[in-house]
Colleague: 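One structure follows; several queries about it will come next.
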Number of protein chains: 2
Amino acid sequence: MSLRHALLGLLAEHPASGYDLLKRFDTSLANVWPATQSQMYAELSKLADTGMISVAAEGPRGRKEYTLTDEGLVELRRWLTETKPQRNTRSDILLRVFFLGVLTPEQARGYLTELIELSEQGEQDLRRLDESIDWDDDDLSVYGRIALEYGLRFNAMRREWAEWAAAQIK
Amino acid sequence: MSLRHALLGLLAEHPASGYDLLKRFDTSLANVWPATQSQMYAELSKLADTGMISVAAEGPRGRKEYTLTDEGLVELRRWLTETKPQRNTRSDILLRVFFLGVLTPEQARGYLTELIELSEQGEQDLRRLDESIDWDDDDLSVYGRIALEYGLRFNAMRREWAEWAAAQIK
DNA sequence: TTTCGACATGTCAGAATAGGAATGTCGAAG
DNA sequence: CTTCGACATTCCTATTCTGACATGTCGAAA
């Protein structure tokens with residue numbers, strides 16, 4: 001399970017509450033690992049139970065601020081380095097492409113056009129995100145920028161591919 | 001749920017048994033929508049219950065050959081055209097990138113190097129797959145080729161990105 | 001004729017995901 | 001001082017996914 005490690009990773013930067021983490025997931029991490037509120041709070045409880053994180057302070061509205069424990073940091077590093085064979089990514093978008101043959105050529109082209117628009121939208125969103133973040137020059141943010149660059153290249157590649165694909169349909 | 005529709009899509013080409021479909025998933029579809037045997041048989045039962053598919057013939061070892069019903073084809077077309085907002089793809093590979101800051105620069109570069117190798121491997125596998133398939137020129141296979149091209153471009157893009165990213169780490 | 005690999009399906013427990021409802025508190029603006 | 005939006009967590013149900021385990025049959029080769 002990667003949600004577990006995503007939470008450890010975010011807490012490695014600085015302590016935060018479930019609510020804080022939720023917002024982080026909604027913005028940057030949403031693109032690589034979407035998660036819901038119910039899942040997060042449940043996972044935080046489990047991580048606290050197993051000693052990976054601990055409640056550092058309690059705030060105003062029952063707010064619990066979690067910190068990464070030494071044990072949690074060890075586990076995070078283990079996950080990062082002992083990268084087991086990574087699972088195939090699931091893509092319903094691409095899955096549909098396999099079956100476009102049951103549609104008319106016009107409909108199929110229509111779908112690919114949607115993908116082009118989706119990619120353009122994605123590129124724009126990422127550019128906006130880029131501008132909205134103040135990339136203070138701490139070490140951690142280097143990787144945030146690298147991840148963002150991935151997103152930009154990915155969307156560009158997908159757009160070009162979809163344009164090419166639309167042209168293939170006779 | 002997309003597994004449901006993936007099965008409908010495969011059956012749209014020609015009737016098949018669960019066992020047959022399983023093999024299809026292990027090869028081409030594994031890259032976009034991995035699924036296990038237990039999931040498949042369960043899903044086939046459900047699809048049969050709801051009338052999307054039906055048992056056309058029974059074979060040797062309790063083999064049940066399923067066919068797509070008219071109702072199933074309608075549902076498949078609906079799924080393809082009324083493409084609801086597509087969910088974000090999950091990528092544990094990219095997720096790790098966000099947290100490489102907790103490692104040493106050497107370790108981080110090591111991870112990116114793994115990604116480069118993974119991408120090269122992916123490109124090779126796809127090229128081999130390409131050669132192994134006899135692309136008979138029916139209409140359906142056009143989209144198989146288009147999907148394969150996506151995979152090739154995706155891996156190439158990821159490799160180039162990882163090379164660039166490794167160079168960013170000071 | 002035995003034996004073994006490929007064929008073929010079914011079931012089950014446990015984890016992960018999705019999406020929502022319920023509940024309550026604090027602080028600032030009016 | 002009231003009200004309302006943001007803060008903050010917990011609980012719930014249903015579905016999906018994972019990884020095993022269980023069971024059995026057919027056909028070909030030794």
Side-chain angles (χ1 to χ4, degrees), chain A residues 1-8 10-11 15-27 29-50 52-53 55-66 79 84-92 95, chain B residues 1-8 10-11 15-27 29-30 32-50 52-66 79 84-92 95:
Chain A
M1 224 267 268
S2 293
L3 173 58
R4 181 169 292 124
H5 297 106
L7 292 172
L8 293 179
L10 288 178
L11 289 174
S17 69
Y19 192 82
D20 294 337
L21 294 167
L22 204 53
K23 279 187 296 179
R24 303 282 292 283
F25 265 86
D26 284 345
T27 55
L29 280 188
N31 299 302
V32 295
W33 207 271
T36 59
Q37 165 258 45
S38 51
Q39 230 185 318
M40 299 229 351
Y41 282 110
E43 201 53 49
L44 285 170
S45 294
K46 266 191 247 174
L47 282 169
D49 286 346
T50 55
M52 297 289 161
I53 61 177
V55 179
E58 310 231 357
R61 281 148 275 230
R63 175 190 172 94
K64 294 178 198 163
E65 199 158 58
Y66 290 103
W79 174 69
K84 45 242 143 175
Q86 44 298 303
R87 57 146 86 188
N88 290 322
T89 91
R90 233 161 213 138
S91 167
D92 66 323
L95 180 61
Chain B
M1 227 268 271
S2 293
L3 173 58
R4 181 168 292 125
H5 297 105
L7 291 171
L8 294 179
L10 288 178
L11 288 174
S17 68
Y19 192 82
D20 295 335
L21 295 167
L22 204 51
K23 281 186 295 180
R24 304 281 293 283
F25 265 86
D26 284 345
T27 54
L29 280 189
V32 295
W33 207 272
T36 61
Q37 169 258 42
S38 49
Q39 227 186 319
M40 298 228 353
Y41 284 112
E43 200 56 48
L44 285 170
S45 294
K46 264 190 249 173
L47 282 169
D49 286 347
T50 55
M52 297 289 160
I53 63 178
S54 67
V55 179
E58 310 230 356
R61 280 149 276 229
R63 175 190 172 93
K64 294 178 198 162
E65 199 157 61
Y66 291 103
W79 174 68
K84 47 247 140 167
Q86 46 297 304
R87 59 146 84 187
N88 289 323
T89 90
R90 229 156 217 143
S91 167
D92 65 323
L95 179 61

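Because the structure is predicted, anything quoted here is derived from the model rather than measured. First the proteins, then the strands, lettered A, B, ... as listed; each starts at 1.
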Colleague: Between B:Tyr66 (OH) and C:dA8 (P), how many Å, whole number?
Modeller: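 Answer to the nearest Å: 13 Å.
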Colleague: For B:Arg24 and C:dA8, what is the distance between atoms CZ and P respectively, to the nearest whole Å?
Modeller: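 It works out to 15 Å between those atoms.
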Colleague: For B:Lys23 and for B:Ala42, find the nucleotide of DNA chain C with the closest heavy atom, then tell me which residue's nucleotide is more 5'.
Modeller: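 That would be B:Lys23.
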Colleague: Rounded to the nearest 0.5 Å, what's the gap from CG on B:Asp92 to OG on A:Ser2? Could you check?
Modeller: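 One finds 4.5 Å between CG of B:Asp92 and OG of A:Ser2.
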Colleague: Suppose we screen for salt bridge (charged side-chain N to carboxylate O under 4.0 Å, His left out). Which residues come up paired with A:Arg61, at least two apart in sequence or across chains?
Modeller: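 If we apply the salt bridge (charged side-chain N to carboxylate O under 4.0 Å, His left out) test to A:Arg61, skipping adjacent residues, there are no hits.
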Colleague: Going from CG on A:Leu47 to NE2 on A:His5, what distance comes out if it is rounded to the nearest 0.5 angstrom?
Modeller: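 Atom-to-atom, A:Leu47:CG and A:His5:NE2 are 8.5 Å apart.
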Colleague: Got a second to check how far B:Glu65's CD is from B:Leu11's CG, nearest 0.5 Å?
Modeller: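 Answer rounded to 0.5 Å: 9.5 Å.
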Colleague: Identify each atom pair where a protein N or O and an N or O of nucleotides 23-27 of chain D are less than 3.5 Å apart, giving names and distance.
Modeller:
unit_1 : atom_1 : unit_2  : atom_2 : d
D:dC26 : O4'    : B:Arg61 : NH1    : 3.4
D:dC26 : O2     : B:Arg61 : NH1    : 3.2

Colleague: Nearest-nucleotide wise, let me know which of B:Leu22 and A:Gln39 is further upstream toward the 5' end of DNA chain C.
Modeller: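 Counting from the 5' end, the first nearest nucleotide belongs to B:Leu22.
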Colleague: Just how far, in rounded Å, is P of D:dA6 from CG of A:Asp26?
Modeller: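 Atom-to-atom, A:Asp26 to D:dA6, this comes out as 14 Å.
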Colleague: What's the NE2-C1' distance between A:His5 and C:dA16, to the nearest Å?
Modeller: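 To the nearest whole Å, that distance equals 14 Å.
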Colleague: Can you name the atoms? Protein N/O to nucleotides 20-22 of chain C N/O, anything below 3.5 Å, with the distance.
Modeller:
unit_1 : atom_1 : unit_2  : atom_2 : d
C:dG20 : O6     : A:Gln37 : OE1    : 2.9
C:dA21 : N6     : A:Gln37 : NE2    : 3.0

Colleague: Nearest whole Å is fine: how far is C:dA16 P from A:Phe25 CZ?
Modeller: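 So the CZ-P distance, A:Phe25 to C:dA16, works out to 14 Å.
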Colleague: Working to the nearest 0.5 Å, report the span between CG of A:Leu7 and CE of A:Met52.
Modeller: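 If we round to the nearest 0.5 Å, A:Leu7:CG and A:Met52:CE are 12.5 Å apart.
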Colleague: Send over the distance from B:Leu44 CG to D:dT16 C1', rounded to a whole Å.
Modeller: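 Roughly 15 Å, once rounded to whole Å.
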Colleague: Hey, is the main chain of B:Thr89 close enough, under 3.5 Å, to the side chain of A:Arg90 for a donor-acceptor pair?
Modeller: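 No.
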Colleague: Among the candidates C:dT17, D:dT9, D:dC17, find the nucleotide nearest to the side-chain atoms of A:Tyr41.
Modeller: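 For A:Tyr41, the side-chain atoms sit closest to D:dT9.
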Colleague: Between D:dA8 atom P and A:Asp20 atom CG, what is the distance in whole Å?
Modeller: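 Atom-to-atom, A:Asp20 to D:dA8, this comes out as 6 Å.
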Colleague: Does a side-chain N or O from A:Lys46 land closer than 4.0 Å to OP1 or OP2 of C:dA16, or not?
Modeller: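 For C:dA16, OP1/OP2 do have a side-chain N/O of A:Lys46 under 4.0 Å.
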Colleague: Looking only at side-chain N and O atoms, does B:Arg4 come under 4.0 Å of OP1 or OP2 in D:dT16?
Modeller: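 Looking at the OP1 and OP2 atoms of D:dT16, one of them is under 4.0 Å from a side-chain N or O of B:Arg4.
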Colleague: Could you tell me whether the phosphate oxygens of D:dC7, OP1 or OP2, come under 4.0 Å of any side-chain nitrogen or oxygen in A:Tyr19?
Modeller: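 A:Tyr19 to D:dC7 OP1/OP2: side-chain N or O found under 4.0 Å.
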Colleague: How long is the line joining CG of A:Leu7 and C1' of D:dT9, in whole Å?
Modeller: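 In whole Å, D:dT9 C1' lies 15 Å from A:Leu7 CG.
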Colleague: In Å, rounded to the nearest 0.5 Å, how long is the span from CG of B:Asp20 to CG of B:Leu10?
Modeller: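 Atom-to-atom, B:Asp20:CG and B:Leu10:CG are 10.5 Å apart.
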Colleague: Just N and O in the side chain of B:Lys64: are any of them under 4.0 Å from OP1 or OP2 of C:dC7?
Modeller: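 Looking at the OP1 and OP2 atoms of C:dC7, neither is under 4.0 Å from any side-chain N or O of B:Lys64.
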Colleague: Considering the options B:Lys23, B:Glu58, B:Arg63, which one meets the side chain to side chain contact (heavy atoms under 4.5 Å, CB included) requirement together with B:Ser17?
Modeller: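 It is B:Arg63, the one option of B:Lys23, B:Glu58, B:Arg63 that forms the side chain to side chain contact (heavy atoms under 4.5 Å, CB included) with B:Ser17.
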Colleague: Can you tell me how far apart OG1 (A:Thr27) and CG (A:Leu22) are? Round to the nearest 0.5 Å.
Modeller: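 Here the interatomic distance stands at 10.0 Å.
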Colleague: Would one find a side-chain N or O of B:Arg63 under 4.0 angstrom from OP1 or OP2 of C:dG10?
Modeller: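 The answer is no; no side-chain N or O of B:Arg63 sits under 4.0 Å from OP1 or OP2.
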